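Positions are given from 1 along the sequence. Source: prediction; values computed, not measured.
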Amino acid sequence: EADEKKSYDESVALLRNNDFAGAIAGLQTFIRRYPASAYVPHAVYWLATAQYSKGDLKDAMSGYRNVITSHPDHPRAPEAMLALANCQAESKDIRGARLTLENLVRSYPQSEAAAAGRDRIAMLR
């Protein structure tokens, strides 16, 4: 639908313009309005990213976990795992971050996120 794409694009544009509160509101509305949309995994990922950018690590981690568990075959899943590990490390959960990164490397070994994850595992030791 044209309205669906427009709503998604407008919300992501708010994130790109560092309007995190606007992006959060827009993406939450998008997810509620279009729950069956092919854009939902992207929207959940970007919502978590906006929450992270706003400093809400708890909600961001929940969103990244949602992408990982609900859409494990989606291209955003490896990126969500890397972002989750970053949130965990920032929350001082180094053990959790290391486990998430090890799972990332094991689950998505060919992804760019896994390459970054390998480097971060070494830094967490």
(message) What's the separation between atom CG in Asn86 and atom CE in Met61, rounded to the nearest 0.5 Å?
(response) 11.5 Å
(message) Is there a side-chain contact (heavy atoms from CB on, under 4.5 Å) between Arg120 and Leu82? Walk through the geometry before answering.
(response) CA-CA 9 Å; Arg120 292 195 184 145; Leu82 183 61; 3.1 Å; yes
(message) Quick check: closest heavy atoms across Pro41 and Ser37, and the distance to 0.1 Å?
(response) CD-O, 4.2 Å
(request) Could you tell me the separation between the NE2 atom of His42 and the CZ atom of Arg76, rounded to the nearest 0.5 Å? (result) 6.0 Å
(message) Could you walk me through whether His71 and Tyr45 satisfy the side-chain contact (heavy atoms from CB on, under 4.5 Å) test, starting with their C-alpha distance in whole Å, then the side-chain angles of each, then the deciding distance to 0.1 Å, before giving a yes or no?
(response) CA-CA 10 Å; His71 311 283; Tyr45 175 85; over 6 Å; no
(message) To the nearest 0.5 Å, what is the distance between OG on Ser62 and CG on Leu47?
(response) 9.0 Å
(request) Locate the shortest heavy-atom distance separating Tyr52 from Glu90; write the atom from each residue and the value. (result) OH-OE1, 2.6 Å
(message) Membership question, hydrophobic clusters at under 4.5 Å side-chain separation (ILVMFWY): are Ile94 and Leu84 in the same one?
(response) yes
(message) Are there over 12 heavy-atom neighbours, none belonging to Arg118, within less than 6.0 Å of that residue's CZ?
(response) yes
(request) Search all heavy atoms of Met81 against all heavy atoms of Asn103 and return the closest pair with its distance. (result) CE-ND2, 3.3 Å
(request) Flag the pair Glu102 and Arg106 as a salt bridge only when some basic side-chain nitrogen lies within less than 4.0 angstrom of an acidic carboxylate oxygen. (result) no
(request) Would you check if there is a donor-acceptor pair between the side chains of Ser7 and Tyr39 at a distance under 3.5 Å? (result) no
(message) To check you understand the geometry: which heavy-atom pair defines the closest contact between Ala97 and Leu124, and what is its length?
(response) CB-CD1, 3.9 Å
(message) Do Leu104 and Pro78 have side chains that approach each other closer than 4.5 Å (heavy atoms only, starting at C-beta)?
(response) yes
(message) What's the separation between atom CG in Leu27 and atom CH2 in Trp46, rounded to the nearest 0.5 Å?
(response) 10.0 Å
(message) I need the minimum non-hydrogen distance between Leu57 and Ser91, along with the two atoms involved.
(response) CD1-OG, 3.4 Å
(message) Which heavy atom of Leu101 sits nearest to which heavy atom of Gly117, and what is that distance?
(response) CD2-CA, 3.8 Å
(message) Pair Leu14, Arg16 - check side-chain contact (heavy atoms from CB on, under 4.5 Å), show working.
(response) CA-CA 5 Å; Leu14 291 170; Arg16 288 191 179 122; over 6 Å; no
(message) Is the shortest side-chain heavy-atom distance between Met123 and Ile121 below 4.5 Å?
(response) no
(request) Could you name each residue pair satisfying salt bridge (Lys or Arg N to Asp or Glu O under 4.0 Å) that touches residues 49-62, not counting sequence neighbours? (result) none
(message) When you compare the side chain of Cys87 with that of Tyr64, does any pair of heavy atoms fall below 4.5 Å?
(response) yes
(request) Look up atom CD in Glu79 and atom OG in Ser111, then write down how far apart they are to the nearest 0.5 Å. (result) 8.5 Å
(request) Nearest 0.5 Å please: distance from the CD1 atom of Ile68 over to the OG atom of Ser107. (result) 9.5 Å
(request) Consider only side-chain N and O atoms of Tyr34 and Glu1, and report whether a donor and an acceptor are under 3.5 Å apart. (result) no
